[in-house]
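Predicted model, so just to flag it, every value in this text is computed and none were measured. Quick note: numbers below take in every heavy atom, side chains included, and nothing from hydrogens, waters or symmetry partners.
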Amino acid sequence: MKCDKFSSELTLKGSRAIEPDAKQHISKCKRCRAQFDRCQAMETALRYNSAKSANSMPEELRSSIMEEISKLNHSQRMHRISNPFIKVAIGCAAALFLIVAAVTLYTSEDKPPAIADATPHTEINLFIAENMRGGQAIFNASELAMRGLSEEFELLKQDFAKLTQKYDRFIETRLFMASSE
Amino acid sequence: MEHENKNQTDEELARLARSGSLTAFDHLLGRHGDSVYAFLVGKTGNAEDAKDLTQTVFIKAYRNLDKYDAKHKFTTWIFCIARREFASFYRSKRPASVLIDDESVAVNDTPSSAIEADESRSDIWIVARKLLPESQFSALWLHYREDMSLRDIAATMGCRIGNVKILLHRARKKLMDKLPNNGLEFPGGG
């Protein structure tokens with residue numbers, strides 16, 4: 001029967017790490033000795049064989065790598081330098097935007113709503129506000145009549161008539177719009 | 001400065017390179033360029049592909065220097081990148097390289113190619129590349145050519161030490177079974 005005592009130990013540990021008792025056996029057993037020699041020869045070949053695989057890196061490859069690296073280094077450095085400026089610029093733009101938005105909102109709150117969007121009720125209020133002068137005119141007319149100043153009274157009566165006409169037109173328009181809706 | 005760099009460890013050089021020192025990275029390239037290139041030539045079996053891959057590996061390493069943890073050896077890290085790059089290269093080129101291998105067997109009739117073929121038969125690493133799976137080849141290469149410890153190989157390959165032992169055992173067994181058993185010395189062996 002062929003001795004196969006240490007073949008798996010050889011391939012598991014390699015020829016260098018073989019146990020002392022195995023070494024003793026190898027020195028006596030021919031077959032195991034042959035196996036050990038084969039393994040040792042294979043390992044030596046694996047360590048020192050340099051037919052094609054031990055090529056050293058070509059010099060032009062090294063310079064080409066370093067060229068690429070220096071380009072990369074330059075762009076990374078530029079990025080590192082410009083990065084804080086970009087951050088500051090973005091921060092400033094954001095702050096400016098916030099300020100503009102706040103001012104816009106603040107100013108838009110003071111403005112009256114657009115006439116087109118206003119409700120009829122608001123329209124009437126606006127109309128009255130606009131024509132306060134007319135109301136004042138009526139009051140003034142009555143005052144003047146009491147004092148007997150007829151000429152001024154006549155002028156004020158004309159103002160009042162104009163105001164009434166304007167008011168009538170407004171009412172008519174609203175009624176027409178309401179009926180057409 | 002150059003003299004200082006020569007005395008520094010890989011990890012210190014990596015730290016300097018991370019802070020923008022090109023000289024430090026050049027020293028790292030000088031120290032590990034040859035072994036990474038040889039590893040990739042061994043794996044691809046093609047100098048041109050190995051050149052491209054070596055360039056990609058070192059550029060990737062430079063880009064990711066901030067991710068490098070100096071607790072581990074730089075060699076482990078760079079070989080880890082090389083292995084991954086080879087894996088993605090292999091995935092993309094697999095059908096083509098299989099065809100080229102078959103063609104080279106059929107077309108190699110000229111005297112120079114015959115010498116080359118003879119040479120390739122004599123290189124145990126070429127036999128290993130054809131015979132072994134990628135992981136076994138890598139474990140074998142890192143163990144015998146780079147003289148890495150089992151722990152470093154495990155770190156490079158992202159597996160346990162036990163797995164590395166199994167990979168090495170299987171690789172040795174396969175090579176022992178396939179290589180000549182006629183009393184002659186192994187190719188390139190002492």
Practice task
Would you give the length of the straight line joining atom CD of A:Glu43 to atom CD1 of B:Ile124, rounded to the nearest 0.5 angstrom?
Solution key: 9.5 Å
Handout entry: Atom of B:Met176, atom of A:Cys39 and distance for their closest heavy-atom approach
Key = SD-CA, 3.5 Å
Exercise for the section: Report yes if some heavy atom in the side chain of A:Leu46 is under 4.5 Å from a heavy atom in the side chain of B:Leu175; otherwise report no. Expected result: yes
Handout entry: Heavy-atom neighbours of B:Lys73 NZ exceed 12 at 6.0 Å
Key = no
Exercise for the section: Could you tell me which portion of B:Asp52 (side chain, backbone, both or neither) has an atom closer than 4.5 angstrom to a non-hydrogen atom of chain A? Expected result: neither
Practice task
Sort by residue number and list every member of residues 59-67 of chain A having a non-hydrogen atom under 4.5 Å from chain B.
Solution key: A:Glu60, A:Leu61, A:Arg62, A:Ser64, A:Ile65, A:Met66
Practice task
Return the set of residues passing ring pair (Phe, Tyr, Trp, His ring centres under 6.0 Å) with B:His32 (not counting sequence neighbours), or none when no residue passes.
Solution key: B:Phe74
Practice task
Identify the two heavy atoms, one from B:Gly20 and one from A:Asn73, that lie closest to each other, and give their separation to 0.1 Å.
Solution key: O-ND2, 3.7 Å
Exercise for the section: Specify which of B:Ala50, B:Gly30, B:Ala171 makes the most heavy-atom pairs with chain A at under 4.5 Å. Expected result: B:Gly30
Exercise for the section: Identify which part of A:Gln40 has an atom lying under 4.5 Å from any heavy atom of chain B, answering side chain, backbone, both or neither. Expected result: neither
Fill in the blank from the handout: Rounded to the nearest 0.5 Å, the CZ atom of B:Arg63 sits from the CD atom of A:Glu68 at a distance of 8.5 Å
Handout entry: Atom of B:Tyr37, atom of A:Ser56 and distance for their closest heavy-atom approach
Key = CE2-O, 3.5 Å
Fill in the blank from the handout: Answer key: most heavy-atom pairs under 4.5 Å with chain A among B:Leu168, B:Leu40, B:Leu140, B:Leu29 is B:Leu29
Exercise for the section: Check whether more than 12 heavy atoms from other residues, nucleotides or ligands sit under 6.0 Å from atom CZ of A:Arg47, and answer yes or no. Expected result: yes
Handout entry: Inter-residue atom distance A:Ile69.CD1 - B:Phe25.CZ, 0.5 Å rounding
Key = 4.0 Å
Practice task
Indicate if B:Ile166 and B:Leu150 have the same hydrophobic cluster label, given that clusters are the connected sets of ILVMFWY residues with side-chain heavy-atom separations under 4.5 angstrom.
Solution key: no
